[in-house]
Number of protein chains: 2
Amino acid sequence: MSVHSEDNQAFIDHDHSHCIEDALVAARAVCATNGARFTRLREQVLTIIWASHQPIGAYAILELLLAANPGQRKPAPPTVYRALDFLLQQGLVHRINSLNAYIGCTHPGSAHHSQFLICTECSTAREFDAGLPAQLVHEAAGADFQIASVLLEVTGLCPQCATGRSQHG
Amino acid sequence: MSVHSEDNQAFIDHDHSHCIEDALVAARAVCATNGARFTRLREQVLTIIWASHQPIGAYAILELLLAANPGQRKPAPPTVYRALDFLLQQGLVHRINSLNAYIGCTHPGSAHHSQFLICTECSTAREFDAGLPAQLVHEAAGADFQIASVLLEVTGLCPQCATGRSQHG
DNA sequence: AACGTAACGTTATAGTATAACATTTTCACT
DNA sequence: AGTGAAAATGTTATACTATAACGTTACGTT
Ligand SMILES: [Zn+2]
Ligand SMILES: [Zn+2]
Ligand SMILES: [Zn+2]
Ligand SMILES: [Zn+2]
C-alpha cells in the first residue's frame, strides 16, 4: 500500500504504472487519515506529477492539466499552486528547490526530510531515506541550533547517464 | 587570511567588520590565484553580500548598489547577476536555493559543498564544513550514482531566536 | 595607436509565484 | 430538501526572480 524507499526504482527500468497506482492509493489513505479532501483537481495534479520520476515545474503541470481536461479553459497559476501547497502539506510531494520543480514522495505518511539524488543529464530524481547525518547533528548541537527541517539535494549522474557518458567519452 | 569554518560566528555576537575585511582579502587572493579580475563592481557586490550573515536577494543587492553609487543610474538586473555568477564561479559566495538568495562563503578557495544552518526567524545563515555523510555516500553507491555536488540546507532556530521564543511562549 | 577580449550598460522578455476578490462546491445542521 | 458556514476553485492582476540579446566601454597585448 505505501511506497517504501527500498522499492524506489527511479534509476531502474520498471513498470511505472505501479508507481502511479501505489502513489494514488497511498495519497487517499493519507488524506483520509488527515481528514483532508483529495479532490479531483488534487488527484489530477498528483497524477501528473507521478507521470515520471522527474521533477516537474508548476507551469508544466498547468499545461498537462489543460491537456487532461480538453474543452475546458486553461486553468490559471493559482489553481496549480494551491494544489501543490496542499500536496506539500500532506507530505505527498516534495519541492526540489534547485530546480523550482515538484516530485512525488516515495514514502508519504511517514515524517522524513527531503533527500534526493538528482541526475543532471536526464533530471531523474531518486528520493532516499537516511537519518540525519551524525556530523550535521554534531554541527547543529555545537552551534546550539534547533533543527526544524533538512533539505539535501545531491546532483550528479545516474547509472544510465553515467554509462552513456563513458561510452561516448 | 582565509576564513576558516571554526571561526564562523554567524550566530554569535562579534565584530563583523573583521568578517568583511577577511572576506575581501581572501577574495583578492582567490582571484589572483585564478587569474580572474576582481573589479570594482564585483568587489562592491561581494561587500554588500558580506554586510551581514543573512542571505540577500539579487534585487536587494541592486538597491544597495544604487545606494553605494549615488548619482549614478540604477543598474539593471544583469549587472548584479553577472557579478553573482562570477562570485559563485570563484567560490566566493553560495546560493541559498530555498531563499533565492546569496551569502558569502566562509572558506573560499577550498573545494567544498554548500551546507548551511538557516534560522527561520532572523534568517541568519551559518555555513558549516562537514564531509559527505556516510549514509549519503552509501545511498549513492547503492544506487550507482556519481555525486557531482551536494547542497544541504538545514532550517530551524538559531540560539538567539530559540531563546527569545522560549521566553515568550 | 590598433587590436581582441573581457566586462559592463541597456532594453526587453522569460519564468516562477502570490495577492485579492468572485464564484462554486461541499458538508453539517436543521 | 433548505440554509448557512467553510472550503475549494475560478479569475484577474501583479510581484518577484532570472536571462537573452545586443551595444558600449575598459583593459591588456602587440
Ligand atoms: Zn516508477
Ligand atoms: Zn518523501
Ligand atoms: Zn560576521
Ligand atoms: Zn563555502
Side-chain angles (χ1 to χ4, degrees), chain A residues 27-28 31-32 34-49 54-66 68-90 92-103 123 153, chain B residues 27-28 31-32 34-49 54-66 68-90 92-103 123 153:
Chain A
R28 289 189 197 102
C31 290
N34 296 354
R37 287 161 55 187
F38 194 52
T39 65
R40 169 151 181 74
L41 173 66
R42 289 163 177 173
E43 180 173 337
Q44 280 192 319
V45 171
L46 185 60
T47 304
I48 288 170
I49 291 173
Q54 304 176 349
I56 182 174
Y59 281 73
I61 293 173
L62 213 45
E63 299 298 328
L64 295 177
L65 212 43
L66 176 63
N69 300 79
Q72 298 199 209
R73 273 195 66 171
K74 180 177 180 178
T79 296
V80 67
Y81 278 105
R82 278 190 289 234
L84 286 171
D85 286 345
F86 173 85
L87 297 172
L88 286 167
Q89 270 178 9
Q90 299 297 320
L92 299 173
V93 307
H94 292 284
R95 182 172 199 275
I96 305 293
N97 278 315
S98 53
L99 298 175
N100 293 336
Y102 305 83
I103 190 169
S123 81
E153 294 177 10
Chain B
R28 289 190 196 99
C31 290
N34 296 354
R37 285 162 57 187
F38 195 52
T39 65
R40 169 152 180 71
L41 173 66
R42 290 163 175 173
E43 179 172 339
Q44 280 191 319
V45 171
L46 185 60
T47 303
I48 288 170
I49 290 174
Q54 304 175 349
I56 182 174
Y59 281 73
I61 293 172
L62 213 45
E63 298 298 327
L64 294 176
L65 211 45
L66 176 63
N69 300 80
Q72 299 199 210
R73 273 195 67 170
K74 181 177 180 177
T79 297
V80 66
Y81 278 104
R82 278 190 290 236
L84 286 171
D85 286 344
F86 173 86
L87 296 172
L88 286 167
Q89 269 178 9
Q90 299 298 318
L92 299 172
V93 306
H94 292 283
R95 181 171 200 275
I96 305 292
N97 278 317
S98 54
L99 298 175
N100 293 336
Y102 305 83
I103 190 168
S123 82
E153 294 176 10

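Residue numbers begin at 1 in each chain, while the letters A, B, ... track the order of the sequences. On a predicted model such as this, the values are computed, not experimentally measured, just so you know.
- A straight line from CD1 of B:Ile61 to P of C:dC8 spans 14 Å, rounded to a whole angstrom.
- When side chains are defined from C-beta on, A:Val93 does not count as touching A:Val45, because their heavy atoms never get closer than 4.5 Å.
- Between A:Leu92 and A:Ile49 the shortest side-chain heavy-atom distance does not fall below 4.5 Å.
- B:Phe38 comes within 4.0 angstrom of nothing in the nucleic acid, heavy atoms only.
- The nearest whole Å value for the distance from the OH atom in B:Tyr81 to the P atom in C:dT11 is 19 Å.
- Where A:Leu99 and B:Ala36 each meet DNA chain C at their nearest nucleotide, the meeting point lying more 5' is that of B:Ala36.
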Query raised in the report: Taking protein heavy atoms under 4.0 Å as touching, what does nucleotides 9-14 of chain D look like 5' to 3' if B marks base contact, S marks sugar-phosphate-only contact and - marks none?
Result: BBBB--
Polar atom pairs (N or O), protein with nucleotides 22-27 of chain C, under 3.5 Å:
none

**Report entry** side chain to side chain contact (heavy atoms under 4.5 Å, CB included) assessment of B:Leu62 paired with B:Leu66
**Finding:** CA-CA 6 Å; B:Leu62 213 45; B:Leu66 176 63; over 6 Å; no
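- By the side chain to side chain donor-acceptor pair (under 3.5 Å) test, B:Asn34 pairs with B:Gln90, sequence neighbours left out.
- For the pair B:Leu62 CG and D:dC16 P, the computed distance is 13 Å after rounding to whole Å.
- Put simply, CD1 on A:Ile96 is 15 Å from P on C:dT16, counting in whole angstrom units.
- To the nearest angstrom, P of C:dA14 lies 18 Å from CG of A:Asn100.
- Applying the side chain to side chain contact (heavy atoms under 4.5 Å, CB included) rule to A:Leu64 yields the partners A:Ile48, A:Ile56; only residues at least two apart in sequence or on another chain are considered.
- Residues B:Phe38 and B:Leu46 have side chains in contact (heavy-atom distance under 4.5 Å, counting atoms from C-beta outward).
- Applying the side chain to side chain donor-acceptor pair (under 3.5 Å) test to residues at least two apart or on different chains, the pairs with a partner in residues 73-82 of chain A are A:Glu63-A:Lys74.
- What separates CG of B:Leu66 from P of C:dC8 is a distance of 17 Å, to the nearest Å.
- Per the geometry, CG belonging to B:Asp85 stands 13 Å off C1' belonging to D:dA20, to the nearest Å.
- Taking atom CD on A:Gln89 and atom C1' on D:dA8, their separation rounds to 13 Å, with Å as the unit.
- The side chain to side chain donor-acceptor pair (under 3.5 Å) test applied to A:Ser98 returns A:Glu153, not counting sequence neighbours.
- In terms of heavy-atom proximity, B:Pro55 sits nearest to B:Ser123 at CD-O, 3.1 Å.
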